[in-house]
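Single-structure report; data block below.
These values consider heavy atoms only, across backbone and side chains, with no hydrogens, waters or symmetry-generated copies.
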Amino acid sequence: MAPPIAGLLETSLYVSDMVRSAAFFRDTLGLRIMIESARLTAFDAGRGGVLLLFPCGGATRDVTTESGTIPGHDGDGPLHMAFAIPADALDRWRAHLSDHRVVMRGEMRWPRGGTSVYFEDPDGHVLELATPGLWPNDEDRRSSDRG
(Lines give C-alpha, C1' and ligand atoms only; values in the text may rest on other atoms or scores of the structure.)
Protein backbone atom coordinates (compact mmCIF):
# COMPACT_ATOMS: atom_id res chain seq x y z
CA MET A 1 0.00 0.00 0.00
CA ALA A 2 1.29 3.46 -0.90
CA PRO A 3 1.94 6.02 1.84
CA PRO A 4 -0.80 8.70 2.13
CA ILE A 5 -0.99 11.82 -0.03
CA ALA A 6 -2.10 14.92 1.87
CA GLY A 7 -3.41 16.90 -1.13
CA LEU A 8 -2.56 18.46 -4.46
CA LEU A 9 0.07 21.11 -3.73
CA GLU A 10 0.74 22.69 -7.12
CA THR A 11 -0.18 22.53 -10.76
CA SER A 12 1.40 24.21 -13.77
CA LEU A 13 0.23 25.89 -16.93
CA TYR A 14 2.55 26.81 -19.79
CA VAL A 15 1.80 30.18 -21.38
CA SER A 16 2.87 32.09 -24.48
CA ASP A 17 2.89 35.55 -22.86
CA MET A 18 3.72 35.62 -19.15
CA VAL A 19 2.71 39.25 -18.62
CA ARG A 20 -0.71 38.77 -20.26
CA SER A 21 -1.39 35.48 -18.47
CA ALA A 22 -0.22 36.71 -15.07
CA ALA A 23 -2.53 39.72 -15.47
CA PHE A 24 -5.46 37.39 -16.30
CA PHE A 25 -4.99 35.21 -13.22
CA ARG A 26 -4.29 38.21 -10.98
CA ASP A 27 -6.87 40.69 -12.27
CA THR A 28 -9.66 38.51 -13.67
CA LEU A 29 -9.54 35.57 -11.24
CA GLY A 30 -8.21 37.53 -8.28
CA LEU A 31 -5.32 35.19 -7.43
CA ARG A 32 -2.52 36.64 -5.33
CA ILE A 33 1.01 36.48 -6.79
CA MET A 34 3.43 34.78 -4.40
CA ILE A 35 6.55 34.72 -6.59
CA GLU A 36 7.25 36.47 -9.87
CA SER A 37 10.43 35.88 -11.88
CA ALA A 38 11.55 35.45 -15.49
CA ARG A 39 11.21 31.66 -15.08
CA LEU A 40 7.79 31.47 -13.39
CA THR A 41 4.90 33.20 -11.68
CA ALA A 42 3.40 31.44 -8.65
CA PHE A 43 -0.13 32.21 -7.41
CA ASP A 44 -1.89 31.34 -4.17
CA ALA A 45 -4.75 29.14 -5.42
CA GLY A 46 -6.38 28.74 -1.99
CA ARG A 47 -6.34 25.95 0.59
CA GLY A 48 -2.58 25.58 0.30
CA GLY A 49 -2.64 25.04 -3.47
CA VAL A 50 -0.28 26.86 -5.82
CA LEU A 51 -0.75 27.62 -9.52
CA LEU A 52 2.52 27.96 -11.41
CA LEU A 53 2.78 29.69 -14.78
CA PHE A 54 5.83 28.94 -16.91
CA PRO A 55 6.61 30.40 -20.32
CA CYS A 56 6.17 27.74 -23.03
CA GLY A 57 9.52 26.03 -23.47
CA GLY A 58 11.05 28.10 -20.68
CA ALA A 59 11.37 25.38 -18.05
CA THR A 60 12.62 22.42 -20.12
CA ARG A 61 16.13 22.42 -18.64
CA ASP A 62 17.01 21.06 -15.21
CA VAL A 63 17.74 23.73 -12.61
CA THR A 64 20.57 22.71 -10.28
CA THR A 65 21.59 24.69 -7.22
CA GLU A 66 23.53 23.86 -4.06
CA SER A 67 20.17 22.80 -2.56
CA GLY A 68 19.32 20.23 -5.25
CA THR A 69 17.88 19.77 -8.74
CA ILE A 70 14.46 20.59 -10.20
CA PRO A 71 13.87 18.48 -13.32
CA GLY A 72 12.90 20.30 -16.52
CA HIS A 73 9.28 20.11 -17.64
CA ASP A 74 6.89 21.59 -20.17
CA GLY A 75 3.37 21.20 -21.49
CA ASP A 76 1.72 21.53 -24.87
CA GLY A 77 -1.81 22.22 -26.00
CA PRO A 78 -4.84 23.31 -24.02
CA LEU A 79 -4.56 21.97 -20.48
CA HIS A 80 -7.32 21.83 -17.85
CA MET A 81 -7.65 22.72 -14.20
CA ALA A 82 -10.54 23.46 -11.84
CA PHE A 83 -10.92 25.95 -8.98
CA ALA A 84 -13.27 25.19 -6.09
CA ILE A 85 -15.84 27.88 -5.34
CA PRO A 86 -18.71 28.09 -2.84
CA ALA A 87 -22.13 27.34 -4.32
CA ASP A 88 -23.45 30.79 -3.46
CA ALA A 89 -20.68 32.44 -5.54
CA LEU A 90 -21.60 30.78 -8.85
CA ASP A 91 -23.89 33.53 -10.20
CA ARG A 92 -21.42 36.24 -9.17
CA TRP A 93 -18.65 34.38 -11.00
CA ARG A 94 -20.79 34.06 -14.15
CA ALA A 95 -21.38 37.84 -14.12
CA HIS A 96 -17.74 38.60 -13.30
CA LEU A 97 -16.43 36.47 -16.18
CA SER A 98 -18.95 38.04 -18.54
CA ASP A 99 -17.94 41.54 -17.41
CA HIS A 100 -14.31 40.64 -18.23
CA ARG A 101 -15.28 39.23 -21.66
CA VAL A 102 -13.88 35.81 -20.80
CA VAL A 103 -14.55 33.13 -23.43
CA MET A 104 -17.11 30.72 -21.93
CA ARG A 105 -16.94 27.07 -23.05
CA GLY A 106 -19.79 25.34 -21.25
CA GLU A 107 -21.60 24.48 -18.07
CA MET A 108 -22.36 21.16 -16.38
CA ARG A 109 -24.75 20.21 -13.58
CA TRP A 110 -23.43 17.14 -11.79
CA PRO A 111 -25.53 14.28 -10.35
CA ARG A 112 -24.20 14.96 -6.82
CA GLY A 113 -25.53 18.54 -6.98
CA GLY A 114 -22.48 20.53 -8.03
CA THR A 115 -22.22 22.85 -11.01
CA SER A 116 -19.17 23.60 -13.15
CA VAL A 117 -18.63 26.49 -15.52
CA TYR A 118 -15.86 26.19 -18.10
CA PHE A 119 -13.95 29.05 -19.70
CA GLU A 120 -10.64 29.83 -21.39
CA ASP A 121 -7.56 31.71 -20.25
CA PRO A 122 -5.62 33.80 -22.80
CA ASP A 123 -3.73 30.68 -24.02
CA GLY A 124 -6.89 28.60 -24.52
CA HIS A 125 -6.39 26.46 -21.41
CA VAL A 126 -9.78 25.20 -20.24
CA LEU A 127 -10.42 26.41 -16.70
CA GLU A 128 -13.30 25.39 -14.49
CA LEU A 129 -15.05 26.86 -11.48
CA ALA A 130 -16.75 24.05 -9.56
CA THR A 131 -19.19 24.21 -6.67
CA PRO A 132 -19.34 21.41 -4.06
CA GLY A 133 -21.01 18.26 -5.31
CA LEU A 134 -18.68 17.40 -8.17
CA TRP A 135 -16.73 14.58 -6.50
CA PRO A 136 -17.64 12.14 -3.69
CA ASN A 137 -15.07 13.78 -1.35
CA ASP A 138 -16.76 17.18 -1.69
CA GLU A 139 -18.61 16.76 1.62
CA ASP A 140 -15.63 18.14 3.57
CA ARG A 141 -15.52 21.21 1.28
CA ARG A 142 -19.30 21.59 1.40
CA SER A 143 -19.17 21.82 5.21
CA SER A 144 -16.22 24.25 5.30
CA ASP A 145 -17.89 26.54 2.73
CA ARG A 146 -20.78 27.09 5.14
CA GLY A 147 -18.76 28.57 7.80
Note, [X] side chain near [Y] side chain (heavy atom, < 4.5 Å):
X	Y	value
L53	M18	yes
V102	T28	yes
M81	L51	yes
T65	I70	no
L90	L129	no
R39	V63	yes
V117	M104	yes
L29	L127	yes

Report, as yes or no, whether the 6.0 Å neighbourhood of atom [atom1] on [X] holds more than 12 heavy atoms from other residues, nucleotides or ligands.
X	atom1	value
R61	CZ	no
R105	CZ	no
D62	CG	yes

Stepwise side-chain contact (heavy atoms from CB on, under 4.5 Å) test for F83 and L31: CA-CA 11 Å; F83 293 98; L31 299 182; 4.0 Å; yes
Are [Y] and [X] linked, directly or through intermediate hydrophobic residues, by side-chain heavy-atom contacts shorter than 4.5 Å (ILVMFWY only)?
X	Y	result
L40	I33	yes
L8	W135	no
V103	L79	no

Rounded to the nearest 0.5 Å, what separation is found between the [atom1] atom of [X] and the [atom2] atom of [Y]?
X	Y	atom1	atom2	answer
S98	H96	OG	NE2	10.5 Å
D44	M34	CG	CE	5.5 Å
L52	L13	CG	CG	9.0 Å
F54	S37	CZ	OG	8.5 Å

Heavy-atom pair of closest approach, residues P55 and D74: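 Looking at all heavy atoms of both residues, the shortest contact is O-OD1, 4.5 Å.
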Would you name the heavy atoms of D17 and R20 that are closest together and state the gap between them?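 For D17 versus R20, the nearest heavy atoms are OD1-N, 3.0 Å.
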Hey, do the aromatic rings of H100 and F24 have their centres closer than 6.0 Å?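 No; F24 has its ring centre 6.0 Å or more from that of H100.
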Is it the case that the side chains of [Y] and [X] hold a donor-acceptor pair, with the cut-off being a distance below 3.5 Å and no angle test?
X	Y	result
H73	Y14	yes
E128	H80	yes
W110	S116	yes

Please work out whether the ring planes of F43 and F25 are parallel, tilted or perpendicular, with thresholds of 30° and 60°.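 Geometry flag for F25 against F43: tilted rings.
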Could you go step by step and tell me if S16 and D123 meet the side-chain hydrogen bond (donor to acceptor under 3.5 Å, both in side chains) rule? CA-CA 7 Å; S16 61; D123 283 277; 2.7 Å; yes
Would you find a donor on one side and an acceptor on the other, under 3.5 Å apart, between the side chain of T131 and the backbone of T115?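 Yes.
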